[in-house]
**Q** 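The following block contains the structure, expressed as structure tokens.
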Amino acid sequence: MAWRRGLAGRATRALLSLAFNVLLWLYLPRLYVGQLGQALGQELLPSSLLLAFGLGIAALHAAAKVLEGHGLSPLLSSGAYLASSYFTYLLAHGGRIELAQQGLQLRLDYSPLLWLLLLPQLYGAVRAPLLYLLSEE
């Protein structure tokens with residue numbers, strides 16, 4: 001259990017976090033946007049935006065793991081949660097989908113469900129600094 005303590009433990013957790021978050025915030029959104037964009041016949045989000053947000057969120061989570069126990073860690077963690085919630089909001093187009101094909105118009109508004117989906121991320125953004133402040137004595 002010595003790997004859990006010290007710099008080596010933090011580096012291991014940071015690498016695992018980086019790998020997981022790259023998969024979650026870079027690979028899966030690219031797959032989702034690519035498949036949905038092909039089905040709709042339009043580009044939903046530019047690939048540069050997907051790359052910037054995916055790598056940014058993964059880097060913020062990994063940096064928070066490396067600096068665990070320091071004052072910057074909750075700020076980086078909160079930033080990662082806020083960036084991921086905004087990215088999710090962008091991916092979902094604000095909870096609205098509008099399609100128009102051959103005179104048929106379809107409008108779907110699922111914004112209340114989207115806000116329920118964003119609640120855990122927004123909770124994490126508030127929780128990280130509060131836990132740090134409460135743990136300091």
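Just so you know, these numbers come straight off a predicted model, no measurement behind them. Values below: every heavy atom of this structure, side chains too, minus hydrogens, waters and symmetry copies.
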**Q** Do any N or O atoms from the side chain of S78 and from the backbone of A125 form a donor-acceptor pair under 3.5 angstrom?
**A** yes
**Q** Around atom CZ of R30, are there more than 12 heavy atoms from other residues, nucleotides or ligands closer than 6.0 Å?
**A** yes
**Q** Working to the nearest 0.5 angstrom, can you tell me the gap between I97 CD1 and D109 CG?
**A** 10.0 Å
**Q** Compare every heavy atom of S111 with every heavy atom of G94, then report the nearest pair and how far apart it is.
**A** O-CB, 3.9 Å
**Q** Start with the C-alpha gap between V22 and Y27, add the side-chain angles, then the distance that decides, and say whether side-chain contact (heavy atoms from CB on, under 4.5 Å) holds.
**A** CA-CA 7 Å; V22 162; Y27 178 72; 5.8 Å; no
**Q** So does L118 get a backbone contact from the side chain of S85, meaning a donor-acceptor N/O pair under 3.5 Å?
**A** no
**Q** Under a 4.5 Å cut-off applied to non-hydrogen side-chain atoms, are R13 and R10 in contact?
**A** yes
**Q** Would you compute the distance between atom OG of S17 and atom NZ of K65 and round it to the nearest 0.5 angstrom?
**A** 6.0 Å
**Q** Give the minimum heavy-atom separation between G69 and Y132, together with the two atoms involved.
**A** O-CE1, 4.1 Å
**Q** S77 side chain to S73 main-chain N or O, any donor-acceptor pair under 3.5 Å?
**A** no
**Q** Rounded at 0.5 Å granularity, tell me how far CZ in F87 sits from CH2 in W25.
**A** 7.5 Å
**Q** Run the numbers on L108 and R96 for side-chain contact (heavy atoms from CB on, under 4.5 Å), then give the verdict.
**A** CA-CA 6 Å; L108 178 64; R96 291 179 196 90; over 6 Å; no
**Q** So how far is it from L16 CG to N21 CG, rounded to the nearest 0.5 Å?
**A** 11.0 Å
**Q** Looking at Y32, I'd like to know if its OH atom is crowded, meaning that more than 12 non-hydrogen atoms belonging to other residues, nucleotides or ligands lie closer than 6.0 Å.
**A** yes
**Q** Is any side-chain heavy atom of I57 closer than 4.5 Å to one of L24?
**A** no
**Q** Answer whether the closest heavy-atom distance between the side chains of L50 and L91 falls below 4.5 Å.
**A** yes
**Q** Distance from L117 atom CG to L122 atom CG, nearest 0.5 Å?
**A** 10.0 Å
**Q** Taking the six-membered ring for Trp and the full ring for Phe, Tyr or His, determine whether the centres of Y81 and H61 are under 6.0 Å apart.
**A** yes
